[in-house]
Amino acid sequence: MNIQAAANALLEAEKTKTPISPFTSLVEQITAGDAYSIQLQVIQTKIEAGATVKGMKIGLTSKAMQEMLNVYTPDYGHILDSMVYEQNQPVDLTQFISPKVEFEIAFVLKEDLKGPNLTAEDVIRATDYVVPAIEIIDSRIKDWKIKFEDTVADNGSSAGAVLGATKTPLDGLDLAAVEMKAYKNNIHYDTATGAAVLGNPVEAVVWLANELGTYDISLKKGQFILAGALSKAMEIAEGEEYSADFGVLGKVSVSFVKAGVTK
């Protein structure tokens with residue numbers, strides 16, 4: 001697998017809004033290691049162009065998604081500053097190809113976190129607070145016809161993040177029991193709890209920190225981690241608003257427009 005050529009293809013697909021064929025459909029084989037190398041090359045190219053890493057996302061944390069892609073491990077991607085949106089600013093859909101929205105719990109770190117061999121207690125100690133969050137996912141792979149290696153190479157199919165305003169410390173908080181109610185245009189469509197994410201979102205962050213630690217990479221103070229979707233991804237259309245009520249963690253919302261159109 002030509003890592004640089006594959007990274008360039010993804011960058012061009014994102015720029016032109018013209019998705020590419022899955023890497024897993026090519027004659028040349030791609031491994032999980034190749035896929036992460038492609039992801040890192042794409043991110044490095046963007047960093048060299050001035051972007052900064054603001055956080056990380058964890059994907060494939062539900063059994064349903066893992067079974068769909070025939071894998072039994074989560075994956076991860078990077079969140080750059082250009083991918084972070086404010087709640088009160090409508091997001092322009094024209095910058096995406098085929099976006100969807102997911103609701104998650106985000107951890108904001110008050111100290112560096114580096115594996116391996118970290119535990120849930122280490123993650124709790126390093127977390128400043130959690131906030132309700134939205135991840136905008138998108139695929140630079142045509143028609144979302146992805147396997148594990150495709151989504152890994154494509155930065156975990158990540159495209160954006162919106163963080164809620166309510167900051168809640170983890171002290172005494174059972175994230176597995178936190179209930180989330182999701183709404184599309186103020187109409188309720190789904191309910192889930194934190195337990196949908198590897199039994200507890202804390203465990204997702206443990207996995208990420210330990211996984212990165214094997215590559216001598218640490219999660220940094222001030223970064224946030226999207227711990228994984230609590231419920232199904234929803235396709236986005238112009239003029240729609242998505243929101244979620246996480247109970248004790250507060251609420252988060254986002255609306256979508258097309259360039260030059262206000263809601």
Side-chain angles (χ1 to χ4, degrees), residues 32-33 35-48 50-62 73-85 102-137 151-164 166-171 173 175-176 178 194 196-230 249 252:
Y36 277 115
S37 294
I38 294 166
Q39 178 189 136
L40 289 173
Q41 185 59 52
V42 170
I43 296 301
Q44 186 59 38
T45 299
K46 292 184 176 184
I47 289 173
E48 289 172 358
T52 58
V53 176
K54 302 297 287 186
M56 302 290 291
K57 63 81 50 96
I58 307 169
L60 305 180
T61 53
S62 71
T73 181
D75 71 346
Y76 62 83
H78 295 70
I79 306 292
L80 303 176
D81 56 338
S82 58
M83 300 165 62
V84 180
Y85 301 94
E102 297 178 335
F103 293 105
E104 318 199 2
I105 294 172
F107 291 65
V108 179
L109 300 181
K110 61 183 177 182
E111 59 185 65
D112 291 357
L113 194 59
K114 185 177 181 181
N117 304 317
L118 294 178
T119 65
E121 288 71 25
D122 295 317
V123 168
I124 292 170
R125 184 172 57 251
T127 299
D128 194 5
Y129 54 85
V130 294
V131 296
I134 294 168
E135 183 181 8
I136 302 167
I137 59 173
T151 189
V152 167
D154 192 22
N155 196 31
S157 301
S158 192
V162 180
L163 301 185
T166 304
K167 303 174 181 179
T168 306
L170 283 179
D171 299 339
L173 185 63
L175 285 184
V178 168
V197 180
L198 297 184
N200 190 316
V202 172
E203 294 300 332
V205 182
V206 172
W207 172 85
L208 177 63
N210 285 332
E211 183 72 11
L212 292 175
T214 64
Y215 300 101
D216 199 33
I217 299 172
S218 65
L219 296 166
K220 300 295 186 182
K221 174 183 177 180
Q223 288 184 341
F224 64 85
I225 300 102
L226 301 179
L230 272 68
L249 300 188
V252 63

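Every value quoted in this text rests on a predicted model; they were computed, and no experiment measured them.
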How long is the straight-line distance from [atom2] of [Y] back to [atom1] of [X], given to the nearest 0.5 Å?
X	Y	atom1	atom2	result
I38	I43	CD1	CD1	12.5 Å
L118	N210	CG	CG	4.5 Å
E102	L226	CD	CG	9.5 Å
I217	M56	CD1	CE	7.5 Å
M83	K46	CE	NZ	6.5 Å
E211	L208	CD	CG	8.0 Å

Over all heavy atoms of both residues, which pair between [X] and [Y] is shortest? Give the atoms and the distance, please.
X	Y	answer
P201	A176	CD-N, 4.4 Å
E203	A120	OE2-CB, 3.8 Å
K54	L80	CG-C, 3.9 Å
G59	K57	N-CE, 3.8 Å
A227	I58	O-CB, 3.9 Å
T61	A204	CG2-CB, 4.4 Å

- prompt: How are the rings of W207 and Y76 set to each other: parallel, tilted or perpendicular (split at 30° and 60°)?
  reply: tilted

message: Using the rule given for side chain to side chain contact (heavy atoms under 4.5 Å, CB included), can you reason through F103 versus I134, listing the C-alpha separation, both sets of side-chain angles and the distance that settles it, and then say yes or no?
response: CA-CA 5 Å; F103 293 105; I134 294 168; 3.4 Å; yes

Counting N and O atoms only, with roles assigned by atom type, does the side chain of [X] sit under 3.5 Å from a partner on the main chain of [Y], one being a donor and the other an acceptor?
X	Y	answer
D128	V108	no
D81	A51	no
N155	H78	yes
E104	G228	yes
D75	G156	no

- request: Decide if atom NZ of K110 counts as having more than 12 heavy atoms of other residues, nucleotides or ligands within a radius under 6.0 Å.
  value: yes

query: Counting only heavy atoms not in K114, do more than 12 fall under 6.0 Å of its NZ?
result: yes

message: Quick one, L113 and V123 - any side-chain contact, counting heavy atoms below 4.5 Å?
response: yes

- prompt: Can you find a heavy atom in the side chain of F107 that is under 4.5 Å from one in the side chain of V130?
  reply: yes

task: Let me see the working for V205 and T127 under side chain to side chain contact (heavy atoms under 4.5 Å, CB included), right down to the final yes or no.
output: CA-CA 10 Å; V205 182; T127 299; 5.9 Å; no

task: Any chance you could lay out the side chain to side chain contact (heavy atoms under 4.5 Å, CB included) test for V197 and L230, step after step, and finish with the verdict?
output: CA-CA 6 Å; V197 180; L230 272 68; 3.8 Å; yes

task: Run the numbers on L219 and L212 for side chain to side chain contact (heavy atoms under 4.5 Å, CB included), then give the verdict.
output: CA-CA 8 Å; L219 296 166; L212 292 175; 3.6 Å; yes

Exercise: do S218 and K220 side chains pair donor with acceptor under 3.5 Å: yes

